[in-house]
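What follows is a short report on a single structure.
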Amino acid sequence: DRVGIGTATPMNILQVNNGGGDGDDGIMIVSTDTTTSAGNLLGGIGFDTVDGNVPSSITEASAYIAAYAAENHAATDKGGDLVFGTTTINDDDDTTSHEWIRIKDDGKVGINHATPQHTLDVSGVANFVNGVRSSGLMVANTGIELHVNTPATTSNKLYNVGGVLYFNG
């Protein structure tokens with residue numbers, strides 16, 4: 001069966017039509033917790049199969065998108081974080097998935113890093129296939145390896161030697 005909201009002829013299992021205006025612009029997932037604290041799960045979407053157990057929580061799904069409160073919520077405080085997670089190969093059912101990307105309430109993005117302190121924090125090795133352009137790039141000597149492959153037509157190149165980032169250009 002197909003379900004249509006705002007349409008009598010849904011083209012997929014669930015179709016929601018909207019007018020794009022206030023109160024008519026999409027789907028809302030709303031927590032009914034009246035004492036929402038920082039870190040509380042607000043809701044999300046989980047993706048999984050019926051092979052094995054169907055997860056009882058979105059954070060146990062094979063892949064998920066979730067929202068968390070970034071602060072205690074009230075009429076004047078609604079900060080939130082957006083999280084993307086997956087399970088890895090050979091993870092069992094009924095196991096909490098792994099958070100891989102977090103977009104914080106202040107716009108900072110963490111990849112494999114749940115508490116980013118900069119515009120982009122990556123925990124691990126980053127590989128930029130088509131190069132990096134920046135008006136000011138600083139990397140501390142922390143043992144993080146930054147590999148940058150720039151196109152052959154680019155005269156400015158970044159080199160990482162012994163944990164220190166050098167700019168030649």
Side-chain angles (χ1 to χ4, degrees), residues 1-138 148 151:
D1 291 331
R2 296 175 185 214
V3 176
I5 299 172
T7 179
T9 56
M11 299 302 292
N12 214 311
I13 293 170
L14 173 64
Q15 179 177 329
V16 179
N17 288 12
N18 68 74
D22 190 24
D24 186 22
D25 62 355
I27 300 170
M28 290 288 296
I29 298 174
V30 179
S31 172
T32 58
D33 181 0
T34 58
T35 57
T36 302
S37 299
N40 285 153
L41 178 66
L42 299 176
I45 302 169
F47 305 90
D48 211 291
T49 68
V50 295
D51 298 327
N53 294 336
V54 174
S56 60
S57 168
I58 60 161
T59 60
E60 293 178 354
S62 292
Y64 72 91
I65 303 169
Y68 289 89
E71 62 185 341
N72 296 344
H73 277 204
T76 57
D77 296 305
K78 293 284 193 163
D81 296 346
L82 187 61
V83 169
F84 296 84
T86 64
T87 56
T88 58
I89 293 175
N90 295 323
D91 278 351
D92 296 333
D93 60 10
D94 300 325
T95 301
T96 302
S97 302
H98 308 277
E99 175 184 324
W100 297 115
I101 300 172
R102 181 176 288 252
I103 303 172
K104 299 281 293 171
D105 63 296
D106 58 4
K108 294 175 180 158
V109 177
I111 299 177
N112 202 22
H113 192 292
T115 56
Q117 302 299 307
H118 308 292
T119 302
L120 176 63
D121 275 354
V122 179
S123 179
V125 176
N127 181 29
F128 298 90
V129 176
N130 290 315
V132 174
R133 294 178 190 258
S134 176
S135 59
L137 181 63
M138 276 180 56
V148 180

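Index from 1, following the sequence.
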Point-to-point distance, once rounded to the nearest 0.5 Å, from CD1 of Ile27 to CG of Asn18: 8.5 Å

Gap between atom CG of Asp81 and atom CG of Leu41 - 0.5 Å precision: 11.5 Å

Side chain to side chain, Lys104 and Tyr68, heavy atoms closer than 4.5 Å: no

Expected output: side-chain Asp91 to main-chain Thr88 donor-acceptor under 3.5 Å: yes

More than 12 heavy atoms of other groups within 6.0 Å of Ile13 CD1: no

Atom of Gln15, atom of Thr7 and distance for their closest heavy-atom approach: NE2-CG2, 3.8 Å

For the student: nearest non-hydrogen atoms of His73 and Lys78, plus distance: NE2-C, 3.5 Å

With Ser57 via side-chain contact (heavy atoms from CB on, under 4.5 Å) - residues at least two apart: Thr59, Glu60

Donor-acceptor contact below 3.5 Å, side chain Asp105 vs main chain Gly80: no

Side chain Asp93, main chain Asn53, donor-acceptor under 3.5 Å: yes

Whether Asp77 side chain and Ala74 backbone form a donor-acceptor pair below 3.5 Å: no

Side-chain donor or acceptor of Asp24 paired with backbone N/O of Gly19 under 3.5 Å: yes

Minimum side-chain heavy-atom gap Thr87-Ser62 below 4.5 Å: yes

Where Tyr64 and Thr86 come nearest, the two heavy atoms and their spacing: CE2-N, 4.4 Å

Contact summary for Gly46 and Ala61, nearest pair of heavy atoms: CA-CB, 3.8 Å

Inter- and intrachain pairs under ring pair (Phe, Tyr, Trp, His ring centres under 6.0 Å), touching residues 87-120, at least two apart: His98-Trp100

Taking every non-hydrogen atom, the tightest pair across Pro116 and Asp121: CA-OD2, 3.2 Å

Side chain Asp33, main chain Thr35, donor-acceptor under 3.5 Å: yes

Any donor-acceptor N/O pair, Thr95 side chain to Asp92 backbone, under 3.5 Å: yes

Contacts of type side-chain contact (heavy atoms from CB on, under 4.5 Å), residue Phe84, not counting sequence neighbours: Ile65, Leu82, Ile101, Ile103

Gly44 to Ile58 - nearest heavy-atom pair and separation: CA-CD1, 3.4 Å

Approximate separation, where rounding is to 0.5 Å, of Lys108 NZ and Leu120 CG: 12.0 Å

